[in-house]
Amino acid sequence: MIVRLDHFVLTVASIERTCAFYERVLGMACVTFGNGRKALAFGQQKINLHEVGKEFEPKAHRPTAGSADFCLITETPLAEVIAHLQRQQVVIEEGPVARTGAIGPIQSVYIRDPDDNLVEIANYP
């Protein structure tokens, strides 16, 4: 039985630009592992990064920058998240809006990362 998500991979145009964005905007830590590979660490999870044309094997059948759509849960009140995003000059594409998360109702805002991946930031009431 699966109990949690450990990591997933984002294929990106620039690992450096992606790390800078996720560190500045979402407070993740850019970490190095393996043979110089990069990942974005947060909580007990990470997002491994593959650069377009330099992917590691095995990889997705059609790795493409900008094709991801995922939700990140925060315990920070959404009003504080919105204020932080505004200070960072990150456009909120939608929200706050009510959605349904994995374990119940959530409140969400949506932003785009440097590759135009859709990033939902949400919290449970």
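The structure presented is a predicted model; accordingly, all values stated were derived computationally and were not measured.
Residue V90 is grouped with residue V109 when hydrophobic side chains (ILVMFWY) are merged at heavy-atom distances under 4.5 angstrom, including chains of intermediate members. The same ILVMFWY cluster, assembled from side-chain heavy atoms under 4.5 Å apart, contains both I15 and V25. Grouping the Ile, Leu, Val, Met, Phe, Trp and Tyr side chains by contacts below 4.5 angstrom, directly or via other members, places I82 with V119. When hydrophobic clusters are built by joining Ile, Leu, Val, Met, Phe, Trp and Tyr residues whose side-chain heavy atoms come closer than 4.5 Å, directly or via intermediates, L10 is not grouped with V31. L5 and V9 sit in two unconnected hydrophobic clusters of ILVMFWY residues. Membership requires side-chain heavy atoms under 4.5 Å apart, directly or through other members.
Under the 4.5 Å side-chain criterion, counting only non-hydrogen atoms from C-beta, C19 is in contact with L40. Contact check for T76 versus H84: no side-chain heavy atoms found under the 4.5 Å cut-off. Contact check for V52 versus V12: no side-chain heavy atoms found under the 4.5 Å cut-off.
Going from atom CD of E80 over to atom CG of L78 covers 10.0 Å, rounded to the nearest 0.5 Å. Within the model, atoms CD1 of I111 and CG of N117 stand 10.5 Å from one another, a figure rounded to the nearest 0.5 Å. I47 contributes atom CD1, which lies 4.5 Å from atom CZ of F42 (distance to the nearest 0.5 angstrom).
Considering only residues two or more places apart in sequence or on other chains, N48 meets the side-chain hydrogen bond (donor to acceptor under 3.5 Å, both in side chains) condition with K46. In this structure, E75 has no side chain to side chain contact (heavy atoms under 4.5 Å, CB included) partners at least two apart in sequence or on a different chain.
Screening residues 1-21 for side chain to side chain donor-acceptor pair (under 3.5 Å) gives R17-D115 as the qualifying pairs, with residues at least two apart or on separate chains. Within the structure, no pair that satisfies the salt bridge (Lys or Arg N to Asp or Glu O under 4.0 Å) test touches residues 21-36, not counting sequence neighbours.
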Pairs under 3.5 angstrom only: tabulate donor-acceptor contacts from the side chains of residues 91-100 to other protein residues two or more places apart or in another chain.
{"residue": "E93", "atom": "OE1", "partner": "R112", "partner atom": "NE", "Å": "2.9"}
{"residue": "E93", "atom": "OE2", "partner": "R112", "partner atom": "NE", "Å": "3.3"}
{"residue": "E93", "atom": "OE2", "partner": "R112", "partner atom": "NH2", "Å": "2.9"}
{"residue": "E94", "atom": "OE2", "partner": "R99", "partner atom": "NH2", "Å": "2.8"}
{"residue": "R99", "atom": "NE", "partner": "Y110", "partner atom": "OH", "Å": "2.9"}

Validation: residues 64-72 side-chain donor-acceptor distances under 3.5 Å, sequence neighbours left out:
{"residue": "T64", "atom": "OG1", "partner": "R62", "partner atom": "O", "Å": "3.0"}
{"residue": "S67", "atom": "OG", "partner": "T64", "partner atom": "O", "Å": "3.1"}

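In this structure a side-chain-to-backbone donor-acceptor pair under 3.5 Å is missing from Y124 to T74.
Partner of H50 under the side chain to side chain donor-acceptor pair (under 3.5 Å) criterion, chosen from K38, E55, R37, K59: R37.
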